[in-house]
Amino acid sequence: MDGCCMSVEEKESYRIHKEIERQLRMDKNDVHRQLKLLLLGTGESGKSTFIKQMRIIHGKGYSEEDRRDYTRLVFQNIFIAVQAMIQAMETLRIPFIDDKNTTYAAMLSSVTPETVMMVDVGGQRSERRKWIHCFENVTSIIFLAALSEYDQVLLENTSENRMDESKALFKTIVTYPWFQNTSIILFLNKTDILKEKITKSHIADYFPEYRGPKCDADTAMKFILKMYEEQNTERKRMYSHFTCATDTENIRLIFSAVKDTIMRIHFEEFNLT
């Protein structure tokens, strides 16, 4: 278009049009330079804890105001844990050693925390439809699964095993067309809880295909890893790590290795290796 034949309004419209095109080109270039990571996993797999560790390691930590904000949540979690233990004692018919504790238990059971639990958006089954279709051009997916949930059931469905649900979600993720060119980083989390639990709860009682010895955490961890690897029917590039999200140093070391892996993948995509 010849600028000398344009009216003032047309010139202004043309200028705005060119500016929008320029901004779109810049945005497109920025997207190509970005490494987009997607953190996924079922409810209570450790996603929130992992994000908090990232804030500690790579951010500025928590201010005094942040700490005060978490005070109520800490107290609520304490009440929830105590009430769960009281309920378990009733179910298992375990009596209190001291009769006074019966009165205390009744008092604690009558308390209703304002917030029963903190739910990760995208964790619970009913929430996934809100995000599953929203992600494209993701460099890597970090999927968290709790090793310790092999003998637990879903909050939404007490007849379904949590690990079976986690495996099903993992398979859904690795086969989704949006993630066709996305590498998968699997964090098998809560190693500390598994090592404690495996001495009392035999994994073969919940997964009969397990042929390893009882009370052997390492063998159990390898077995669980194999189950997740079998979900990767698309044979996508997959990297696995055993993690303890509450251990800052463990997450620091593992995420450092993950960053190296992600950068290597990104360089390979652009033939920079």
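What's counted below: heavy atoms across the whole structure, side chains too, no hydrogens, waters or symmetry copies.
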Would you compute the distance between atom CG of D218 and atom NZ of K222 and round it to the nearest 0.5 angstrom? 6.0 Å
So if you build clusters from Ile, Leu, Val, Met, Phe, Trp, Tyr with side-chain heavy-atom gaps below 4.5 Å, do L40 and L225 land together? yes
Could you state the interatomic distance from CG (D216) to CE (M221), rounded to the nearest 0.5 Å? 10.5 Å
Quick one: hydrophobic cluster around L253, which other residues, with the 4.5 Å side-chain cut-off, linked directly or via members? none
Contacts under 3.5 angstrom, residues 84-102 side chains, donor-acceptor by atom type, not counting sequence neighbours:
from: T91; atom 1: OG1; to: Q87; atom 2: O; distance (Å): 3.0
from: D98; atom 1: OD1; to: K100; atom 2: N; distance (Å): 2.9
from: T102; atom 1: OG1; to: D99; atom 2: O; distance (Å): 3.3

If you round to the nearest 0.5 Å, how far is CG of L194 from CG of D151? 9.5 Å
How far does CD of E149 sit from CG of L154, to the nearest 0.5 angstrom? 8.5 Å
Hey, does M163 have a side-chain heavy atom less than 4.5 Å from the side chain of Q152? no
Side chains of L144 and T42: does their closest heavy-atom pair fall under 4.5 Å? no
Taking the inter-plane angle between the rings of F143 and Y228 on a 0 to 90° scale, is it parallel (under 30°), tilted (30 to 60°) or perpendicular (over 60°)? tilted
Testing the basics here: between T191 and C244, what is the closest heavy-atom pair and its distance to 0.1 Å? OG1-CB, 3.6 Å
Minimum heavy-atom distance I198-A220, with the two atoms named: CD1-CB, 3.9 Å
Look at E230 together with K171 and state whether they make a salt bridge at an N to O cut-off of under 4.0 Å. no
Any idea which heavy atoms bring L147 and K190 closest together, and the distance? CB-O, 4.4 Å
Within the 4.5 Å heavy-atom criterion, are I141 and F179 side-chain neighbours or not? yes
Any side-chain heavy-atom pair of S240 and F187 under 4.5 Å: no
F242 side chain near I254 side chain, heavy-atom distance below 4.5 Å: no
Flag side-chain contact, heavy atom, 4.5 Å: K236 against E234: yes
What is the minimum heavy-atom distance between P213 and T219, and which atoms define it? CD-CG2, 3.9 Å
Within the distance-only criterion (no hydrogens, no angle test), does the side chain of E196 pair as donor or acceptor with the backbone N or O of D192 below 3.5 angstrom? no
What's the shortest heavy-atom distance between E229 and R235, and which atoms? O-NH1, 4.4 Å
Mark yes or no: K197 above the aromatic ring of Y150, with NZ or CZ under 6.0 Å from the six-membered ring centre and no more than 45 degrees from the axis. yes
Evaluate the side-chain proximity of R211 to F223: yes if any heavy-atom separation is below 4.5 Å, no if none is. no
Is there a donor-acceptor pair closer than 3.5 Å between any side-chain N or O of N189 and the backbone N or O of S45? yes
How about K167 and D164: do any of their side-chain heavy atoms sit closer than 4.5 Å? yes
Which atoms form the tightest heavy-atom contact between S183 and S140, and what is the distance? OG-OG, 2.6 Å
How long is the gap from CD1 on I173 to CD1 on I184, to the nearest 0.5 Å? 8.0 Å
Hey, is the main chain of A105 close enough, under 3.5 Å, to the side chain of S109 for a donor-acceptor pair? yes
Which residue is it: N250, I185, L188? I am looking for the one with a side chain to side chain contact (heavy atoms under 4.5 Å, CB included) to H241. I185
To the nearest 0.5 Å, what is the distance between CG (L186) and CG (N232)? 10.0 Å
I'd like to know if V153 and Y206 are part of one continuous hydrophobic network [Ile/Leu/Val/Met/Phe/Trp/Tyr, side-chain heavy atoms within less than 4.5 Å]. no
